[in-house]
Amino acid sequence: MKRTLKAEETFFRIFMNITTGFILIILGIIIYSVFEKGMKALSWEMLTSVPSGGYYYGKGGGILNAIVGSLVLAFGATILAFLIGLPVALYMNVFLVRRKRLVNLIRFILDLIWGVPSIVYGAFGFTLMVFIGLQTSLLAGIITVTLFILPIMIRSMDEILRTVPMGLSEATYSLGSNKSELAFKIFTRQSVSGIITAVLLSFGRAIGDAASVLFTAGYTDNLPNSLMEPVATLPLSIFFQLASPVPEVQARAYASALVLTVIILIVSLFSRGLGKRYHKTKINF
Amino acid sequence: MYLLNRQQRHVVNYSWMLFSLLIIAFLPFMLFGGLYFKSFLLLKSYTLKDLIFSHSWHPSRGEFGFYPFILGSVWVTLLAILISTPICLLTAINVTQYAKKRFLRIMHPVIDILAGIPSVVYGVWGILVIVPFISRYLGPWFGVQTMGYSILAGALVLSVMIIPFILNIMIEIFRTIPTELKEATLSLGATKWQMVKHVLLRKALPGIIASVGFGLARAFGETMAVLMVVGNVIKVPHSVFDPGYTLPALIANNYGEVLSIPQYDSALMFAALLLLVVSLFFNLLMHFFIARYNKY
């Protein structure tokens with residue numbers, strides 16, 4: 001009895017270590033294969049020029065249009081989502097703090113729409129676009145991606161804001177402040193690090209998602225210069241280049257994937273670093 | 001110093017907050033309403049049963065059978081869940097019960113990075129690693145001639161994509177199990193594994209089910225990565241080495257060409273509506289499982 005028990009535990013412990021190692025190795029393989037394939041095709045020209053004629057048949061040019069386009073789109077969507085998201089998160093935690101059921105209902109709705117696949121947002125964005133008479137454009141892309149990252153941003157901010165202690169609110173009220181002052185001056189300052197993390201998380205999602213911009217942002221070989229014109233994005237540029245039968249173009253797709261991965265890794269590093277730095281502004285109880 | 005006085009600023013801030021909240025509150029209804037409105041054209045002329053169970057997909061002839069796509073999605077999703085659930089469960093137990101605290105600090109960034117990698121990059125990885133692996137080793141090993149672009153490839157890529165998602169929830173769930181409960185079990189003479197098997201897993205079962213359900217909903221709607229490796233052949237798959245086609249891939253692949261046929265456009269919107277309903281349904285269901293952990 002005792003021996004089989006011991007054997008069972010040993011067996012499962014070995015198995016557990018295998019699965020844990022497996023996850024670490026998979027991450028390693030992903031990063032390695034993207035870097036190994038991508039580095040070969042990556043060149044300075046690719047990063048600093050837009051596609052020239054015949055780029056998609058293997059001629060010269062680069063993916064600057066997609067890099068700039070993705071950054072502009074993700075910045076726009078993140079700013080818009082921040083402008084809508086922060087007030088909602090603050091409202092939930094300052095104005096509705098005593099109405100637990102209502103707040104929980106809002107959280108529940110947010111969790112539900114967080115789970116909605118991005119392709120559905122893409123289809124909805126397209127419907128919205130047709131409805132208000134917009135062409136495939138940077139603006140349409142920004143609106144769609146904003147809707148897609150809103151629940152992510154609000155819920156991450158909410159998780160931070162709800163940890164702000166009651167005592168801080170009471171102290172602020174006792175000094176004669178009103179609720180919106182408490183929200184925008186005290187709550188935001190107390191939660192700066194968490195808010196930055198939430199914003200960077202949303203930015204990462206915004207820049208990496210392809211399905212939502214597929215029909216709304218369009219694609220172009222030019223740099224973005226107007227809100228009303230189509231814009232190229234990195235995920236789509238990877239996707240289109242991979243679809244090409246020419247090996248050189250496929251190799252460039254791998255290089256583009258490397259660029260996107262590096263951007264994502266930088267954003268993730270930043271969110272760790274910045275989160276730590278702004279911890280100091282927090283009042284500890 | 002300010003343009004407005006305190007009271008006015010309060011009013012401005014307050015209405016801004018309320019307005020933003022209204023946007024969020026109406027978003028799910030807008031999503032559903034918009035997609036339903038667009039797919040109405042299709043729902044008007046076909047019954048739901050015909051659309052879901054019919055095999056033939058010929059938009060130009062007016063035949064819209066979603067069965068191959070639904071089946072493709074279900075195969076890929078279930079296979080992915082089957083692969084990643086045991087991996088996540090064992091790893092979550094290892095990380096929370098057995099491993100040193102320090103190890104969790106390594107594991108967190110790993111989960112974050114895996115969750116942050118864009119789905120297109122997963123797709124590229126699938127093409128670089130998984131597809132050749134299946135066509136060169138796994139296929140011949142089972143005696144199947146395959147290009148590698150198959151249901152199995154989609155499922156393997158997808159299973160890696162949802163690992164961080166499921167693992168994260170499972171770790172959170174295991175953390176909510178009270179230490180006293182575990183200590184009481186150990187003090188009765190149980191071994192650590194007995195504690196895990198009989199107390200921890202039993203106590204965490206609803207949470208484990210919920211995490212798998214959330215993973216399922218996430219996997220069902222995943223688009224780009226699956227689209228890139230699954231083969232995109234409109235046919236009911238018979239084995240995991242067959243190429244398939246999933247619902248999200250159907251929407252993503254055909255959007256450019258639909259504007260000429262209104263019913264086709266409507267059909268793709270119906271596919272999006274299906275995805276929305278499935279995702280909302282699963283998320284709703286799973287929230288009841290997880291509600292008891294005082295998540296809110």
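Every chain is numbered from 1, with letters handed out A, B, ... down the list of sequences.
Proximity to chain A involves both the backbone and the side chain of B:Ile251, based on heavy atoms less than 4.5 angstrom apart. Heavy atoms closer than 4.5 Å to chain B are found in both the backbone and the side chain of A:Ile84. Of the two parts of B:Phe37, neither the backbone nor the side chain holds a non-hydrogen atom closer than 4.5 Å to a non-hydrogen atom of chain A. In this structure, the portions of A:Ile30 lying under 4.5 Å from any heavy atom of chain B include both its backbone and its side chain. A:Ile18 does not touch chain B: none of its heavy atoms, backbone or side chain, sits under 4.5 Å away. Contacts of B:Ile127 with chain A are made by side-chain atoms alone, with heavy-atom separations under 4.5 Å and no backbone atom involved. No part of A:Ala253 comes within reach of chain B, as not one of its non-hydrogen atoms sits under 4.5 angstrom from that chain. Contact of B:Leu167 with chain A is made through the side chain alone, with heavy-atom distances under 4.5 Å. For A:Asn178, the parts sitting under 4.5 Å from any heavy atom of chain B are the backbone and the side chain alike. Looking at B:Ile87, the atoms closer than 4.5 Å to chain A (heavy atoms on both sides) sit in the backbone and in the side chain alike. Contacts of B:Val160 with chain A are made by side-chain atoms alone, with heavy-atom separations under 4.5 Å and no backbone atom involved. Only the side chain of A:Phe22 comes within less than 4.5 Å of a heavy atom in chain B; its backbone stays farther off. Only the side chain of A:Ile264 comes within contact range of chain B, with at least one heavy atom under 4.5 Å from a heavy atom of that chain. If you measure heavy-atom distances from B:Ser279 to chain A, the contacts under 4.5 Å come from the side chain alone. Contact annotation for B:Phe282: neither backbone nor side-chain heavy atoms come within less than 4.5 Å of a heavy atom of chain A. Using a 4.5 Å cut-off between heavy atoms, A:Leu265 touches chain B through its side chain atoms alone. Both the backbone and the side chain of A:Lys179 come within contact range of chain B, judged by heavy atoms closer than 4.5 Å. Proximity to chain A is absent for every atom of B:Leu247, based on heavy atoms less than 4.5 angstrom apart.
No other option in A:Ile29, A:Ile109, A:Ile106, A:Asp209 has as many heavy-atom pairs under 4.5 Å with chain B as A:Ile29. Most heavy-atom pairs under 4.5 Å with chain B, from the set A:Ala257, A:Gly204, A:Gly208, A:Ser180: that is A:Ser180. Per-residue counts of heavy-atom pairs under 4.5 Å with chain A were compared for B:Leu280, B:Leu128, B:Val12, B:Val121; the largest is that of B:Leu128. Per-residue counts of heavy-atom pairs under 4.5 Å with chain A were compared for B:Ile117, B:Leu27, B:Val95; the largest is that of B:Leu27. Listed options B:Pro28, B:Ala99, B:Cys88 were ranked by heavy-atom pairs under 4.5 angstrom with chain A; first place goes to B:Pro28. When each of A:Leu242, A:Leu83, A:Leu150, A:Leu105 is scored by its heavy-atom pairs under 4.5 Å with chain B, the top score falls to A:Leu83. For the set B:Arg218, B:Met224, B:Met286, B:Arg6, the count of heavy-atom pairs under 4.5 angstrom toward chain A peaks at B:Arg6. Of the residues considered (B:Pro248, B:Pro109, B:Pro164), B:Pro109 shows the highest number of contacts with chain A, using heavy-atom pairs under 4.5 Å. Annotation: maximal heavy-atom pairing with chain B below 4.5 Å, among A:Leu260, A:Val34, A:Leu86, A:Val267, occurs at A:Leu260. Between chain A and the residues B:Met30, B:Gln7, B:Met228, the largest count of heavy-atom pairs under 4.5 Å involves B:Met30.
The side-chain heavy atoms of A:Gln250 and A:Gln241, taken from C-beta on, include no pair separated by under 4.5 Å. When side chains are defined from C-beta on, A:Tyr254 does not count as touching A:Leu42, because their heavy atoms never get closer than 4.5 Å. For the pair A:Ser237 and A:Tyr219, the minimum side-chain heavy-atom distance is below 4.5 Å. Between B:Leu18 and A:Phe95 the shortest side-chain heavy-atom distance does not fall below 4.5 Å. The shortest side-chain heavy-atom distance between A:Tyr121 and A:Val116 falls under the 4.5 Å cut-off. Put simply, the side chain of A:Val145 does not reach to within 4.5 Å of the side chain of A:Arg205, judged on heavy atoms. Side-chain contact between A:Ile23 and B:Met107 is present, with heavy atoms from C-beta onward closer than 4.5 Å. Put simply, the side chain of B:Ile162 does not reach to within 4.5 Å of the side chain of B:Phe214, judged on heavy atoms.
Using a 4.0 Å cut-off between charged nitrogen and carboxylate oxygen, A:Arg155 and A:Glu159 count as a salt-bridge pair.
Heavy-atom minimum distance, A:Ile154 versus A:Gly85: CG1-CA, 3.6 Å. B:Tyr149 approaches B:Gly231 most closely through the heavy-atom pair CB-CA, 3.8 Å. Shown here for A:Ser212 and A:Thr216, the closest heavy-atom pair between the two residues is O-OG1, 2.9 Å. The minimum heavy-atom distance linking B:Phe220 with B:Ser73 is given by the pair CE1-CB, 3.6 Å.
Figure legend: cation-pi geometry between B:Lys192 and B:Tyr98, with NZ or CZ positioned under 6.0 Å from the six-membered ring centre and within 45° of its axis.
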Under the side-chain contact (heavy atoms from CB on, under 4.5 Å) criterion, do A:Phe12 and B:Ile93 qualify, and how do the steps go? CA-CA 10 Å; A:Phe12 274 101; B:Ile93 294 172; over 6 Å; no

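Taking the six-membered ring for Trp, A:Tyr32 and B:Trp125 have ring centres at least 6.0 Å apart.
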